[in-house]
Amino acid sequence: MRRLVAPTASTAAAIGVDGGRRRVLKLMAASAALAGSGCGQPPPEKIRPYVNMPEGMAPGDPVFYASTLLRQGCGVGVLVETESGRPIKIEGNPAHPASLGAADAQSQAAILTLWDPERSRTVMRGGQPSTWTTLLDSLATQMGQEAAARGGGLRLLSGPVSSPTLLAQIGEILARFPEARWHVHDPAGCDAAKHAALQLFGGPVQPLYRLEHAHTVLSLDAELFGPSADGLRNAHDFMNARRGEPRARMYALESTPGLCGAVADTRIALSPAGMEAVLDMIASQLGVSDAMAEQRPGPQAAWVSRLCTRLSAAHGASAVIPGHSLSSRAHLLAWRINTRLGNLGRTIHPIAQRLPPAPLADGTHDAAPAPEGLGALVQAMHDGDVQTLLMLDVNPVYDSPGALDFARGLSRVACSIHMGLYRDETAHASNWHIPMAHELEAWSDARSFDGTASLVQPVIAPLYGGLSAHEVLDMLAHMRTRSAHELVRAQWRNAWNMNDAEEFERRWEEALRRGVIEEAQADRLVPIDEKALKARLPEGPGPEPQLIAVFANDHNIVSCNQANNAWLQELPRPYTKITWDNAALIGPATAGRHGLRNGDVVSLTSADKPDGLLAPVWIVPGQAEGVVTLPLGYGRHQGGSVAQGRGFDAHVLQEVRNGMSLRSAAVQLRPTGQHHAFAATQHEMGLAGREPVRSVSLHARDGADAADAAPPSLYPPRQYGGPAWGMTVDLDACIGCNACAIACQAENNIPSVGPEEVARGREMHWMRIDVYHADSGGRAQFQPMACQHCENAPCEIVCPVGATMHDSEGLNVQVYNRCVGTRFCSNNCPYKVRRFNFFDYADHDPSAAARANPDVTVRQRGVMEKCTYCVQRISHARIEAQKQGRPLRDGDVVTACEATCPTQAIVFGDTADPRSRVSRAKASARNYTVLAELNTRPRTSYLARIHDKEAGLEEEDDG
Amino acid sequence: MTPRFYGVVGRFETPDALLEAIRCLRRRDRHLRLEAYAPYAVEGLSEALDLPRGKVPLFTLIGGVLGGASGFFMQWYAAVVSFPVNIGGRPLNSWPMFIPVTFEMTILGAALAAVLGMLAVSGLPRLHHPIFDAPCFGLATRDRYFLCLRPPPGMPGPAPAKQYREVLESLGATASDEVWT
Amino acid sequence: MPQLLERSEVLLVKLILLVPVALLVLTVAGMVWRTTSPVEPGVAVPQPIPFSHKHHVGDDGIDCRYCHTTVETSASAGMPTTGICLSCHSQLFRDAPALAPLHESMQSGKPIAWNRVYDLPDFVFFNHSIHVNKGVACVSCHGRVDRMPVLVRQQAPDMQWCLDCHRDPSGRVVPLDHITAMESFPALSDAQAEQLLQSLRLEDPRRLTDCSTCHR
Amino acid sequence: MAEHEEKAVSPGTPELGAGWTAGGVTDKIAGVVLGRGGPWTRGWHAHWRWRSALLISFGGVLTLLAASTWLFMRGVGLFGVNIPVAWGFALGNFVWWIGIGHAGTFISAILLLLRQRWRTSINRYAEAMTLFAAGIAGLFPIFHLGRPWFAYWLLPYPNRMELWPQWRSPLVWDIFAISTYLLVSLLFWYVGLIPDLASLRDKAASRGKRLGYGILALGWRGDARHWRHYETAYLLLAGLATPLVVSVHTVVALDFSIGNTPGYHSTIFPPYFVAGALFSGFAMVITLAIPLRHYFRLHDFITLRHLELAAKVMLACSLFVAYGYASEIFTAYYSGDTYEIHMTQDRFTGMYAPVYWVYMFCNVVVPQLLWWRRARRNVPTLLVVSLLVNAGMWMERFVIVVQSLHADYLPSAWGVFLPSVWDWVFLLSSIALFVWLFLMFIRYLPMISMAEMRGLVQETAEEAKP
């Protein structure tokens with residue numbers, strides 16, 4: 001451990017975060033002192049003040065920096081909370097269009113990756129530790145040769161790139177080595193969509209959704225609400241449209257339950273081919289399809305025509321959104337339908353993907369040709385045309401389709417250089433590995449999904465000696481090492497072509513403060529190519545195979561860099577509640593046909609891969625029958641102890657057709673008789689005749705009451721002098737994205753306990769997202785469930801030592817240092833929201849201590865814990881208000897879950913103040929409390945979901 | 001120091017013999033100092049010796065009352081005066097929930113008082129006692145019955161040992177011995 | 001039948017019989033001791049630089065806030081940075097051997113490692129700024145530092161001790177302009193005291209004695 | 001005065017064999033302890049049996065020590081407990097042992113007040129059983145604490161945090177109830193022992209034993225005054241212990257019925273727990289009586305009548321407990337409460353249903369045998385029945401504690417409890433500890449009250465006189 005720790009400390013010292021180190025020591029000392037008995041002189045502590053105090057920083061007061069996190073190359077704005085120079089928490093950046101103040105689970109968890117002691121620390125050569133200088137030397141010679149060959153053997157492989165600086169640098173390299181090629185590998189992306197767009201627009205174009213203008217949305221396996229670069233924004237926009245009049249409608253066709261299905265007015269389980277058929281039928285009804293799709297008789301035709309009428313009724317305010325699993329033909333159809341429905345430029349903006357500038361003779365710039373895909377690179381590697389390959393933050397050896405066999409190609413490359421956060425599969429297969437700096441450790445910039453440029457601002461010096469991609473590319477292009485900081489500033493100085501240094505500094509400072517450096521231009525819409533639109537469609541899909549595998553992005557682990565993140569690993573998947581694992585998801589009927597139960601291991605084989613892979617199944621209600629969904633991102637062999645050896649690698653079965661890596665494949669399924677024990681956090685998803693989740697019909701929104709009559713009490717209600725904190729959760733707005741759960745974990749130092757403990761039912765999440773399968777359609781209802789802060793708290797009466805009690809603002813307080821661990825409170829809690837430290841779960845790694853929120857106690861073994869309504873934030877706000885001699889205002893206290901929620905489903909505040917947002921929410925007729933009959937009088941209440949009868953596609957609602 | 005005369009102890013074979021002897025002696029002189037020893041609680045023995053009722057019940061009562069009162073007071077003081085907190089919205093003085101502890105404390109106080117009182121009034125523990133010097137007194141805890149005849153306090157003159165022995169043997173004591181301290 | 005014990009021995013035995021009683025007493029005593037603060041008061045803590053509060057506060061009359069800059073704004077009072085020390089000592093006693101670590105720190109950029117004097121358990125969250133802003137004088141916790149050549153821990157930071165004040169702060173607060181004053185504040189007339197309390201807007205003792213006030 | 005000469009000899013009654021004199025019973029019982037004329041030297045082999053039993057059980061005791069050390073080092077996570085099932089074996093064992101610890105005081109107190117003669121020869125060892133069982137029961141709540149080193153925070157004592165126990169919690173009531181119960185039972189037992197200790201003092205050969213027993217006897221002389229106060233005190237203790245017995249298991253029942261968990265929250269619990277306690281208690285009395293009378297040839301003292309009467313009490317308890325089970329089911333359905341009904345159905349058919357049906361068989365069906373006099377007077381049958389009842393009662397506690405918790409209000413929170421190996425280690429080694437303590441007891445203290453037996457001899461002899 002010490003070997004791992006040393007660099008942390010030294011780097012921290014270098015940038016003077018000794019306050020941080022002090023806290024590190026303090027926490028470690030604490031854990032040492034607390035362990036075992038509670039007595040004994042505390043170990044002597046050092047206080048290390050700054051040598052010179054950085055301006056605007058006071059020890060003990062958090063400082064927020066605006067920065068940007070990358071999601072598939074696109075930027076998502078965040079605010080990073082630092083405590084004495086140590087980044088400890090991530091919030092959304094309200095000024096950034098991709099965040100609007102919200103942050104998703106992946107962004108929240110980035111803090112853990114940042115501090116991950118298993119990140120790569122040294123330059124490696126052929127598996128041996130090497131140095132940056134040796135790399136430079138050999139690189140110099142290598143590039144010399146390349147220069148001679150005009151870069152004929154030089155290849156650059158990266159993920160999708162939006163950073164203006166990086167694009168410029170790539171442009172430089174391509175200019176300097178005309179024969180060199182740039183390839184982009186985007187395992188989480190969708191080649192079919194790109195291909196379709198290429199055909200229609202003649203260039204790389206991405207659809208940008210403007211759901212706030214949408215009234216009727218048809219999602220076909222689309223991961224609208226993330227995790228992706230635009231997920232937060234889509235969720236936010238769609239929920240706003242839902243709150244408006246008329247209420248926006250969502251129709252979801254899904255092969256496996258996704259977040260859209262949960263909020264859909266009608267959700268229908270269909271295989272990708274089925275969805276394509278639906279698109280065909282819609283297209284032909286709208287008359288935009290030359291191929292007259294065979295009208296399938298029966299109910300499907302019926303609801304498709306209803307759907308069609310609804311879509312065309314909402315002309316210009318509808319959106320047909322195909323997802324990854326659909327073929328490029330289906331995407332073409334979708335574009336046509338959207339064009340016909342007049343959605344282009346309204347709800348769907350086709351925007352051009354940014355390309356590196358290619359300098360022209362006259363000094364002006366032109367866009368370089370679009371990057372090639374992975375297929376072309378592998379081809380070149382097999383042909384032996386690649387001498388030098390630089391791989392920036394990609395892991396193709398693991399996450400490229402098995403059909404490509406990237407590793408074999410790579411072995412034929414003379415000089416392969418990998419740069420990444422971890423020593424992953426590709427790092428081990430390459431000649432060189434360069435540790436990369438985390439987004440929060442190095443300067444850069446990025447564009448969001450809508451083109452807004454923001455700065456990637458480091459909040460701490462590289463903890464493990466990582467380098468920035470800019471520095472490496474600068475090396476490649478000019479054989480010099482300017483700091484990323486200089487490079488980025490130079491880039492923007494040119495972009496603004498400013499010579500006035502002062503003016504530049506002012507604008508730069510402003511950009512740093514807001515995080516946004518350049519607003520999106522609205523005029524970047526790409527016109528659709530009419531000819532291509534009219535062109536004949538390719539042949540429809542052949543006869544559907546009996547079983548088709550769909551390769552889906554995992555809900556939590558989207559990129560390889562997130563795989564070693566224990567928070568994301570332990571975060572239950574929205575529908576299966578599986579942690580630490582991926583599973584082959586199948587429908588009940590399919591399972592029945594093969595006689596499978598949850599956890600039975602099956603072998604999946606395809607025509608190309610007769611040996612196939614072994615995968616345990618999980619039966620999901622609402623899964624399309626005949627479809628087995630295989631989440632990607634698991635079955636890692638390298639890349640950290642957390643990532644390795646979990647789940648199965650579905651890439652093996654992934655096929656490639658004319659350069660596109662396909663998202664589905666025909667497979668055969670055979671039970672093996674083996675069994676795999678999953679660690680799931682929720683076992684019963686039926687309602688068992690209870691009403692924890694409720695819904696009211698749309699038009700009774702203000703009429704009928706969702707709440708039960710409050711039972712009488714023997715005692716008069718307590719009068720609270722000051723604020724009476726309370727919370728509401730809007731079940732109609734909750735999309736089950738889990739962001740709140742991770743935000744809570746990050747804010748409150750909640751440990752992750754590992755798969756074994758989860759399997760024993762000992763997960764520690766204070767905020768758990770319950771899922772109930774309300775109806776057979778598999779349309780689920782999510783319910784964020786944390787401590788309800790009951791007025792008549794059952795937990796408090798039974799605690800023998802008064803470790804849980806009410807404070808004068810009505811909080812149900814848990815006093816860790818008083819708790820002896822009888823666990824009686826948990827037994828008596830009807831919501832079972834209390835969590836217990838059965839073992840010493842707290843992470844005692846110094847990096848964890850440095851990461852921990854210093855305002856929240858790190859809990860000892862044997863004590864109970866639970867949601868505190870972020871009491872530390874309440875005290876902070878109260879103290880600030882008191883110092884200013886003013887009462888607390890609504891919004892002064894924002895809990896971690898509330899802050900991060902993309903749809904503002906969670907509202908927290910003072911229920912004693914009738915004008916507060918929470919009081920207004922509680923006044924709604926949809927407001928109800930769970931298990932009210934027990935007379936616990938919870939402070940947390942829920943707003944019943946709205947059931948829009950008219951929106952349904954079912955027979956009876958028709959007409 | 002010169003040994004003082006404690007009394008004469010006579011041994012009897014059966015409880016009836018003992019009781020008979022006591023009754024005779026009492027008939028002769030109400031104020032004789034008699035001590036009877038038996039291996040179990042012989043019925044009618046205390047009546048024969050007309051022993052006082054004893055204070056053990058009173059002690060027990062006091063112990064119980066004290067225990068109960070202090071028990072309730074402790075809870076009331078802790079919950080209402082010393083550190084009042086809102087527990088599950090219940091009143092500070094939720095007396096119905098204080099009853100179990102109060103009850104247990106009552107029993108505890110009473111029981112302790114009963115036992116300690118019993119020991120106190122019967123002068124136990126007393127590990128050294130002249131009567132133990134009497135030969136075969138060990139049988140008093142097996143199956144023999146002893147009667148000790150003691151001189152009235154501050155009786156002048158020589159010890160009436162011989163006279164006492166005759167009296168006891170005449171009353172059916174199978175053996176009699178002098179006890180000196 | 002012989003006596004079990006002679007008179008002399010009886011006493012001994014009775015003493016032995018007292019042992020269990022003694023044990024009981026000891027355990028109770030032990031319990032009380034276990035919960036006493038492990039941090040004893042009156043301990044003088046040596047420092048890398050023999051810094052004298054007596055000299056700086058008592059003789060030179062430097063205000064607490066000159067060095068403990070964040071005491072009014074932040075949870076932590078803040079330890080003086082090397083820079084602050086040097087703001088005077090770049091002129092005064094610059095060659096004093098005692099100050100060598102100071103200059104060394106400035107050159108090397110490595111902070112000076114002071115030894116902590118007041119250490120609260122990690123589950124206690126104490127905020128200097130709110131106490132200072134509510135009229136709790138420095139001296140009321142830290143004592144007459146102006147008389148301490150070497151800083152001495154004034155008292156054990158017991159919960160009991162915190163509660164004394166939190167239960168009834170009224171008598172213990174001073175006007176804000178006396179916060180850093182060392183000599184005790186002259187007694188106030190009732191009217192003045194009343195006015196002082198109003199100006200400070202102290203919170204209700206019920207809130208001040210909530211667990212959540214100090215424990216999170 | 002010839003008629004005074006002949007000693008009282010027992011004529012032979014259902015409670016006491018014929019031909020016993022006061023001296024005889026004293027010698028017989030004291031012999032077991034003092035090894036004079038006792039089975040330790042007799043022909044048959046109680047001695048080495050006792051030794052080997054002691055060794056084996058001591059092994060168990062060491063296991064318990066080791067296991068608890070490891071438990072305190074690693075944490076309570078060693079047990080199978082989780083959220084929602086936060087209480088597991090530990091609490092089940094606690095209730096079970098406390099239950100066993102009830103028969104003793106019941107016998108000595110209530111039967112004394114009811115002037116039941118058959119109490120005499122079984123109360124002493126039953127009280128010992130009570131003490132040991134209650135003591136062991138007291139260990140389990142500490143084992144199951146998250147931070148056992150702070151267990152003393154449940155006691156009111158002066159502390160620098162100025163904090164108190166939370167008096168509304170049944171666990172605090174437990175602390176008081178159980179410590180009171182232990183203390184009072186100890187006093188009761190000890191007071192009963194004093195005259196016997198004196199007997200041992202006077203019979204003991206070696207100086208060491210005389211001293212040991214002598215000091216414990218506090219110099220008891222059998223003085224008439226002593227006997228008078230002694231009897232008063234003993235009777236008062238009985239009077240106090242009687243409500244105490246009832247209160248203790250009532251409080252234990254409140255641990256559950258105060259809670260709002262379906263399956264816990266039930267007003268029938270106190271009486272039904274008390275009955276259950278006596279049920280298991282008497283089962284244990286019989287379980288112990290049978291080997292005792294066999295190995296130590298106590299057939300004249302612990303007669304078939306004793307066993308039969310104990311069996312009758314057991315039968316009565318079984319009926320009461322059965323009523324408890326029935327009323328639980330009835331109220332669940334009668335209340336129409338979703339949660340109660342679900343819990344009950346889960347009991348019938350859920351994953352813990354097998355345990356449920358087994359204990360139904362052990363606690364309700366099996367004891368019905370005891371309606372037949374032949375069964376009641378047949379020692380092997382009694383042994384089997386009592387063992388089954390002991391097992392059955394443990395399973396009942398297990399189901400009440402675990403099954404109620406594993407599926408309560410919100411389906412999303414439902415979970416499963418599976419015992420870990422440590423759960424079993426603690427259960428079995430606690431039984432070993434009990435056995436070990438009991439073996440030590442019968443070796444060093446009279447397992448039957450000699451003083452009372454002497455009284456009984458006299459009493460029966462006089463009754464027999466024309």
Side-chain angles (χ1 to χ4, degrees), chain A residues 710-726 787-815 818-819 822 824-831 834 864 866 911 929 931-932 934-939, chain B residues 55-122 124-125:
Chain A
S713 168
L714 282 175
Y715 304 124
R718 285 235 165 206
Q719 297 308 328
Y720 293 94
W725 304 110
C787 175
Q788 305 281 300
H789 291 270
C790 314
E791 296 278 5
N792 305 340
C795 50
E796 293 178 358
I797 319 157
V798 296
C799 176
V801 292
T804 181
M805 39 76 77
H806 254 60
D807 80 359
S808 58
E809 294 177 349
L811 258 56
N812 170 259
V813 184
Q814 178 69 28
V815 190
R818 177 65 173 171
C819 178
T822 66
F824 203 166
C825 50
S826 169
N827 282 0
N828 218 32
C829 173
Y831 310 93
R834 295 179 150 258
M864 191 61 76
K866 64 166 192 71
T911 57
T929 55
L931 299 176
L934 297 179
N935 205 10
T936 52
R937 310 252 168 117
R939 281 280 178 96
Chain B
K55 291 200 161 45
V56 178
L58 179 64
F59 289 144
T60 316
L61 178 68
I62 295 171
V65 172
L66 280 183
S70 62
F72 188 90
F73 174 79
M74 170 174 64
Q75 300 177 79
W76 172 83
Y77 174 78
V80 179
V81 182
S82 170
F83 207 138
V85 286
N86 170 2
I87 297 292
R90 308 298 194 272
L92 291 178
N93 178 19
S94 19
W95 60 267
M97 295 188 124
F98 297 164
I99 287 173
V101 170
T102 311
F103 173 81
E104 303 295 341
M105 290 293 285
T106 315
I107 300 284
L108 185 61
L112 284 173
V115 173
L116 297 180
M118 181 269 282
L119 292 178
V121 294
S122 40
L124 295 177

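What you are looking at is a predicted structure, and each value in this text was computed from that prediction instead of being measured. Chain letters run A, B, ... following the sequence lines, proteins first, then strands; residues in each count from 1.
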For B/I62, all residues meeting side-chain contact (heavy atoms from CB on, under 4.5 Å), sequence neighbours excluded: B/L58, B/L66
Which of B/S94, B/G88, B/G89 touches chain A most, by non-hydrogen pairs under 4.5 Å: B/G88
Under the side-chain contact (heavy atoms from CB on, under 4.5 Å) test, residues paired with B/P125 that sit two or more places apart: D/L218
Set of residues satisfying salt bridge (Lys or Arg N to Asp or Glu O under 4.0 Å) with respect to A/R939, sequence neighbours excluded: A/E791
Atom pair CG (A/N812) and CG (B/N86), whose distance is rounded to the nearest 0.5 Å: 10.0 Å
Chain B neighbours within residues 795-811 of chain A, where any heavy atom lies under 4.5 Å away: A/E796, A/I797, A/T804, A/M805, A/H806
